[in-house]
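Data block below; observations after.
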Amino acid sequence: MNSIQLKILVALLLTVGLGMFSYKACVLGFPLTPEEQTEIWNVEAHVSFEAKGLPVKATLQTLNRLPKYTVTDEYFIGDDYGLLHALQSADGTPQQNRNPDNIVAIWSRRSAKGKQDLFYSARLRPEQSNQEESWVHPTEIPKLIDPQFTEAEQVAANSLITEVGSESADIETFVPQLMKRLMEPSKNPDGAYLLRDNANTLGAVNMAVRLLHFSGIPAQSVHGITLSTSKNAKIKHWLELYHNEKWHMFDVTKGTFGTPVNFVTWWRGNAPLATVSGGSNLSVSLSVVPATVSALGNVVDRLTVTAPTILEFSLFNLPVQAQATYRVILLIPIGVLLLVFLRNVIGITTFGTFMPVLIALSFRETQLIWGLCLFSIVIILGLAVRLYLEHLKLLLVPRLACVLIVVVLLMAGISIISFKLGFPRGVSVSLFPMVILSMTIERISVMWDELGAGKAIQQIIGSMAVAVLAYIAMSNLFIEHLIFVFPELFLVLLALTLMIGRYTGFRLLDLIRFRAFLKEG
Amino acid sequence: MGWFSKLKRFGVMGLNARNGAYVLPNNPRKLYPLVDDKITTKELTQSAGLNVPELYGVFQAQHELKRLPKLLQKHDSFVVKPARGAGGNGILVITGKLGPRFRKPDDSLVAEDAISFHISNILSGMHSLGGMPDKAMVEYCVQFAPIFKNIAYQGVPDIRIIVYKGIPVMAMLRLPTRESDGKANLHQGAMGCGIDMCSGTTTSAVWKNDNCTHHPDTLHPIAGVTIPNWPELLKQAALGYTVTGLGYLGVDIVLDKNLGPLILELNARPGLAIQVANKCGLQHRLDEIDKVHQDLHTENQRIQYAMDNFGS
C-alpha cells in the first residue's frame, strides 16, 4: 500500500517536474546552459521630411506579427508630435480585429516647418535561440479579390498575362516572367501603362499582386528586411502565392522563388512604408544592428512582453538581492541530495548529517583550496585548544562555548594575518562556518577520545571529501543555472530523494563490510 | 554487479535493508523510549521477571554528584554508563579500588574526580544521541563466567541475540580485546563469534571484519565453547520482544559468574556484523520467520522453532 503510494507520488513529482521543465525549455525557450548567448537585432527607422508649416501627419509601418521573433523595447521618437497607432489590413483599410496585417504609427502635429526627424526603433528577440531559420507561412490564405482594373487597364493586363502565359509552363516560370516585365516597364508597353503612376518596386509588386488575383492566383505582398548588419538597410519585397494547395515564396528583389532566410516581415499589402501629408522629400533610412545578450535575459525580457503572468510567479520577479540569496539557498538541496546518495547508496559516514553540505556552502564564499586550508588550520588549532580544555574538566556547554570563542578568535587572527601578508582571500569568511567548525571540533574530539585518532581522522577525511564533492556540485554554474531557472526540478530532486528513501539494496561500502563473504567464493 | 548478487545469494542484509525493510516497519517510533533509556529498559525487563544487573544509583543533575563519594565507598567494582548512550559510548568500567583511586580493566588508574567529570559529561549529553541531556547510571559490574576465561580479555564478553517477531534469529558472542578497551562493541575493536542457535556453541569468528580463529590477545581458539543453559538465554531474549513489542530487536546478555545470564540492554537497531561473525546472512532466516510467525504463540514454541531451524 505504502509502496504504491510512494510510486504514485514519485511518478507524479517526476511528471510535473519534468513536464514543466520541458515546457519551459522547449516551448518558452529558457536556455539550458548559463552562458548561452542570443543574437538580438536592433532595428531603427529614421523618417525625415521637409515640413511646409502646415498640419503634418506622417505614418510609418511598424514591425509586428513576426514569426519566431518578439518585438520588445519599441520606441517612437518625435519631438512635439502626437502619436497614435492604427491597425490596418493588407489593403490599407482600417481594421479593428485582433490580428491586423499591419500596425501603423501615426505622428501628427498642428504645424511644423523645416526638416523633421522621426525615429522608430525596436528590438527583435528570437523566440528559439538555437533553432534553424525556416520561414513560417501565413496561416490565412488570401482571398481572391477583384483587382478593380479600369477597362483600359484590363486590356493591358489581359495582353500582358497572355504574353507571359505563352512563354511560361507553370507558376514557377510564370511569376518570374511577369515580374521581369513589371520591373522593366520601359521594354513593355502594357507594363508601362499599368505602372504609369507607380513605376517603382513597390508599385511593381502591388501590380503583380493585382495581376495574380486577376489570373486567379491568391497572392499578397510581404515587405520586410533581412537581418544582417547594415547602416542603410533596404526593404525587400516578397510575394506570397498560394497555388495548388501550397505556398510559394517569390523574392521580388532577386527574381527567384525561395524561402526567406533571416527575413522579418515589416508589413504586408500595398501600403507604402511611410507616408507624409503636409511635408515633402520624405525619406526613410533603416539600420539593422545585431546585439548579443544572454539568452536568459532575452527570454525574461521577451516573456515580460508576451506572457507576463509566467514571470509574475517566478524567482525572476523577486528583488535582485533576494534572487542572489535564492541562488545560494536553492543549491542546498543539490548538496543534500548528493549527501543522501553518498550516505545511503555509497555508504560514506560523515560528522553530523548535514554538516558537509554546510561546510561546502561556506567553501562557496572562501573558494575551495583556501577554504580547505582555512578549515584544516582552524580544526587543528581548535582541536589543540579543545584537548587542553579537557584538562580543566569543564562542563559540556561552557566548553563548547569556549571552543566557539577560540574558533572566532582564530578566524579573526587568520584574517588579519593573511590580510597583512596580502592574501585578500583570508578575509572572506562568513558567519555560519564558525558555529559549524566549533561543533565539528567538539565531535571530532569526542570521537578521538572514544574511538581513537584513526577513526576520527578517517571520519574527518570522509566529511571533507563529501564537503568537497558537494562544493563541486554546488558551485557548478550549469547546475546553479538549471536550478534557478527551472526551480521545478526540485520536484525531480524530491522524487529522487523519495526513491533513495525506499532503497533497501546494498550500499557500495557494504561490500567492504561483508568482504568476508566475498572471499568465501 | 557480481559482488552484490553474491552477497544476495548468501542472504546478507545491508544497512538500507535493515533500516527500510525491518527496523522502520517493525519498530514503531513510540516504542523507542523503552529501549533508548537504559533505566526504563531495566525497570521494564525487571518487572517482567528477567534478570538484570543491579542498579546502584542514578544521577540526573550535576548537583547530585555530591552523592558520588558515598556511593563509590560502598562498591569496589561498578560500571558507569549513560542511560541514552549509543554504540557503547561513554561506558566506564571500574574493576577494583586501589587506595583512593579506581582501577580500569586495562589496569590504568583513575581518580574519583575523573569519574565525577565523566558523569558530568554524560549528564550534559556528550554521549547521548543528538546531544540531549542525559542521565548517568552506576550499576553492578558483571563478574564474567569462567567459561570465557580463555577468550576474553579485560572485559566482559556479551551475547547478542537478534530477535525477529519474537523468534531468536541469530546470535553472536562479543569478546573484548586489548583494542576495544574492555568494551564489547565490534566497531570499537571487539571480536565477534558466531553461535550455533541449536546448541549454543561458538563457531566462527570475525575481528575487524576479517575471519579469525584465535583470540588476538589470549591466542586461544575461539570455536567450540558451549554457552551453558542456552535455551534459557534464548528464552530471555525472546521475552525482550514480549516486553517491548519491538519486532526487530537486538538483546545483549552477559553471563555472570554468580548470577547467570543478565540482560544488559535492548537495541532497536542492532548492527549487521553478526552476519559476518556467523558467516551467514540474516535474510533467509527472516524470510522463513515471515512465513511461520503467526503459528508460533508461546515463547517456548518460538525458541523451539529457532533451535530446530537455525542450527548450523
Side-chain angles (χ1 to χ4, degrees), chain A residues 1-3 6 340-341 343-349 351-353 386 389-401 439 442-443 445-452 454-456 458-459 498-521, chain B residues 1-22 24-25 62 85 87-91 113-114 116-118 120-127 131 133-134 179-181 183 185 187-189 204 206 209-212 271-273 275-277 279-281:
Chain A
M1 188 57 200
N2 265 338
S3 119
L6 185 86
V340 165
F341 180 80
R343 282 177 68 115
N344 270 39
V345 179
I346 306 294
I348 296 174
T349 50
F351 279 112
T353 313
R386 166 68 179 74
L389 291 179
E390 184 76 34
H391 288 292
L392 302 181
K393 310 286 182 210
L394 300 182
L395 298 180
L396 178 74
V397 179
R399 188 175 63 220
L400 263 178
M439 297 294 292
E442 179 64 19
R443 274 168 178 269
S445 75
V446 169
M447 182 169 275
W448 197 291
D449 269 3
E450 294 186 346
L451 301 182
K455 269 271 190 307
Q458 199 181 320
Q459 286 237 16
L498 284 174
M499 266 148 58
I500 298 179
R502 282 307 301 173
Y503 169 71
T504 55
F506 291 110
R507 299 175 182 180
L508 198 61
L509 293 184
D510 280 350
L511 286 179
I512 294 173
R513 180 193 302 261
F514 300 119
R515 60 180 179 273
F517 283 93
L518 299 173
K519 281 183 209 148
E520 304 247 319
Chain B
M1 277 306 257
W3 288 339
F4 286 130
S5 56
K6 200 163 168 182
L7 286 185
K8 207 158 198 166
R9 210 174 60 236
F10 278 108
V12 175
M13 188 164 82
L15 262 181
N16 289 329
R18 181 201 71 183
N19 293 339
Y22 292 95
L24 279 175
Q62 303 284 353
N89 291 343
I91 295 177
D113 64 341
S116 171
F117 180 61
H118 184 81
S120 107
N121 270 339
I122 291 175
L123 296 180
S124 333
M126 188 161 121
H127 305 285
D134 201 357
E179 209 175 304
S180 75
D181 192 22
K183 288 164 194 162
N185 272 86
H187 70 260
Q188 293 180 346
S204 51
V206 63
N209 261 315
D210 281 314
N211 289 318
C212 208
L272 296 168
Q275 301 177 102
V276 187
K279 290 186 184 168
C280 176

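The model shown is predicted, which means the values in this text are computed figures rather than measured ones. Residue numbers start from 1 in every chain, and the chains themselves are labelled A, B, ... in the order their sequence lines are given, proteins ahead of strands.
- Within the 4.5 angstrom heavy-atom criterion, no atom of Asp113(B) approaches chain A.
- Contact detail for Leu7(B) and Asp510(A): the closest heavy-atom pair is CD1-O, 4.3 Å.
- Rounding to the nearest 0.5 Å gives a distance of 12.5 Å between CZ of Arg515(A) and CH2 of Trp3(B).
- Closest of all the heavy-atom pairs between Phe506(A) and Val12(B) is CZ-O, 3.0 Å.
- Every side-chain hydrogen bond (donor to acceptor under 3.5 Å, both in side chains) that Arg399(A) has, sequence neighbours left out, goes to Glu442(A), Asn121(B).
- Side-chain N or O atoms of Asn16(B) include one that pairs as donor or acceptor with a backbone N or O of Asn344(A) at under 3.5 Å.
- Side-chain atoms of Arg507(A) do not come within 3.5 Å of backbone N or O of Gly14(B) as any donor-acceptor pair.
- Contact check for Phe514(A) versus Gln275(B): side-chain heavy atoms found under the 4.5 Å cut-off.
- For Gln62(B), the side-chain contact (heavy atoms from CB on, under 4.5 Å) partners are Leu395(A), Leu65(B), Ser120(B), Leu123(B), Ser124(B), not counting sequence neighbours.
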